[in-house]
*Asks:* 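One structure is given below, represented as structure tokens, and several questions about it will come after.
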Amino acid sequence: MNLLEELAAHLEWCGFGTLADEETDGDIQWARMPDSPDDCTCVYSTDSGVGGPDSTARIQIMTRAKSPRKAYELSCAIAEELDGFNGFLHGDGRGVIIEVINAATGLGPDTKKREIYVTNVAVRYCN
């Protein structure tokens, strides 16, 4: 499992939805945001190779929903859950520390008038 997949699985474990895979249509994705379902969460890498130690990954968690309030509240709840997390994610068993960089930033509606909010986090593996 890569870090994006581990973080997406962690969001499922925290009760934010169901992780999608080849056999399951879920509302939590990683690496790409599908056109459906309308209410969806996706975990992306935003690393550009600049501005931090090699052991820190920058991740963006995007929430999308037909209701602006639902997208915003989900983004806030995810940020609250992850802020200051110091523990183990599903997967390789290595510990991580998560720092929220910014939370619930509105990007406006997409072409289908679904509201989008993003939360950006820094994830650092612990030794």
Side-chain angles (χ1 to χ4, degrees):
M1 255 187 199
N2 67 41
L3 181 58
L4 295 179
E5 197 174 1
E6 289 173 3
L7 193 53
H10 184 75
L11 293 177
E12 177 183 48
W13 184 81
C14 291
F16 291 111
T18 302
L19 182 60
D21 60 26
E22 291 90 24
E23 298 147 9
T24 306
D25 291 331
D27 53 0
I28 299 176
Q29 306 279 331
W30 59 276
R32 67 173 192 82
M33 178 75 84
D35 189 48
S36 65
D38 287 331
D39 296 357
C40 192
T41 299
C42 189
V43 180
Y44 294 99
S45 173
T46 60
D47 274 335
S48 62
V50 183
D54 292 336
S55 62
T56 301
R58 283 158 186 73
I59 307 290
Q60 183 173 79
I61 302 162
M62 181 179 289
T63 59
R64 176 182 73 201
K66 281 285 193 185
S67 159
R69 181 179 185 137
K70 183 175 183 178
Y72 173 76
E73 288 178 349
L74 180 57
S75 191
C76 286
I78 289 171
E80 288 174 14
E81 178 69 36
L82 296 180
D83 193 29
F85 179 82
N86 185 347
F88 299 95
L89 296 177
H90 177 73
D92 62 15
R94 289 186 289 178
V96 297
I97 296 173
I98 300 176
E99 173 192 356
V100 172
I101 298 167
N102 66 329
T105 302
L107 299 183
D110 66 4
T111 58
K112 293 188 175 181
K113 298 184 178 169
R114 301 173 293 194
E115 289 294 324
I116 298 173
Y117 284 84
V118 296
T119 293
N120 292 293
V121 299
V123 180
R124 189 181 68 219
Y125 281 114
C126 302
N127 294 329

*Asks:* So, using side chain to side chain donor-acceptor pair (under 3.5 Å) as the criterion, who are the partners of Thr63 when residues are at least two apart?
*Replies:* none
*Asks:* What pairs of residues pass the salt bridge (charged side-chain N to carboxylate O under 4.0 Å, His left out) test when at least one of them lies in residues 33-42, not counting sequence neighbours?
*Replies:* Asp35-Lys112, Asp35-Arg114, Asp38-Arg114, Asp39-Lys70
*Asks:* For Arg69, give me all partners under salt bridge (charged side-chain N to carboxylate O under 4.0 Å, His left out), at least two apart in sequence or on another chain.
*Replies:* Glu73
*Asks:* Looking only at heavy atoms, what is the nearest atom pair of Ala57 and Leu3, with distance?
*Replies:* CB-CD2, 3.5 Å
*Asks:* Show the numbers, then the answer: is there a side chain to side chain contact (heavy atoms under 4.5 Å, CB included) between Thr119 and Leu82?
*Replies:* CA-CA 10 Å; Thr119 293; Leu82 296 180; over 6 Å; no
*Asks:* Taking all non-hydrogen atoms of both residues, which atom of Val96 and which atom of Cys126 are closest, and how far apart?
*Replies:* C-SG, 3.9 Å
*Asks:* Drop me the distance from Ser45's OG to Ile59's CD1, to the nearest 0.5 angstrom.
*Replies:* 5.0 Å
*Asks:* To the nearest 0.5 Å, what is the distance between CD on Glu99 and CG on Asn86?
*Replies:* 12.5 Å
*Asks:* What pairs of residues pass the salt bridge (charged side-chain N to carboxylate O under 4.0 Å, His left out) test when at least one of them lies in residues 14-28, not counting sequence neighbours?
*Replies:* none
*Asks:* Could you list the cluster mates of Ile97? Members are the ILVMFWY residues connected by side-chain heavy atoms closer than 4.5 Å, either directly or through other members.
*Replies:* none
*Asks:* Would you tabulate the side-chain donor-acceptor contacts of residues 6-13 under 3.5 Å, counting partners in other chains and residues two or more places apart, or write 'none'?
*Replies:*
from, atom 1, to, atom 2, distance (Å)
Glu6, OE2, Asp92, N, 3.4
Glu12, OE2, Leu19, N, 3.0

*Asks:* Taking side chain as C-beta onward, heavy atoms only, is Thr105 less than 4.5 Å from Asn120?
*Replies:* no
*Asks:* Could you tell me the separation between the CD1 atom of Ile78 and the SG atom of Cys14, rounded to the nearest 0.5 Å?
*Replies:* 9.0 Å
*Asks:* Report yes or no: does Arg64 contribute a side-chain atom to a donor-acceptor pair with the main-chain N or O of Pro37 at less than 3.5 Å?
*Replies:* yes
*Asks:* Using the side chain to side chain donor-acceptor pair (under 3.5 Å) criterion, which residues pair with Glu80? Sequence neighbours excluded.
*Replies:* none
*Asks:* Who clusters with Leu107? Use side-chain heavy atoms, under 4.5 angstrom, across I, L, V, M, F, W and Y, and order the result by chain and number.
*Replies:* Met33, Tyr44, Met62, Ile116, Val118
*Asks:* With sequence neighbours left out, write down each residue that passes side-chain contact (heavy atoms from CB on, under 4.5 Å) with Glu5, or none if nothing qualifies.
*Replies:* Met1, Asn2, Trp30
*Asks:* Could you tell me which residues satisfy side-chain contact (heavy atoms from CB on, under 4.5 Å) with Ala77, sequence neighbours excluded, listed by chain and number?
*Replies:* Phe16
*Asks:* Is there a donor-acceptor pair under 3.5 Å between the side chain of Thr46 and the backbone N or O of Arg58?
*Replies:* yes
*Asks:* Taking only residues two or more places apart in sequence, or in another chain, which ones meet Tyr72 in a side-chain contact (heavy atoms from CB on, under 4.5 Å)?
*Replies:* Cys76, Ala104, Tyr117
*Asks:* With Pro109, which residues qualify under side-chain contact (heavy atoms from CB on, under 4.5 Å), at least two apart?
*Replies:* Glu115
*Asks:* Mind checking the CG-CD1 spacing from Asp83 to Ile98? Nearest 0.5 Å is all I need.
*Replies:* 9.5 Å
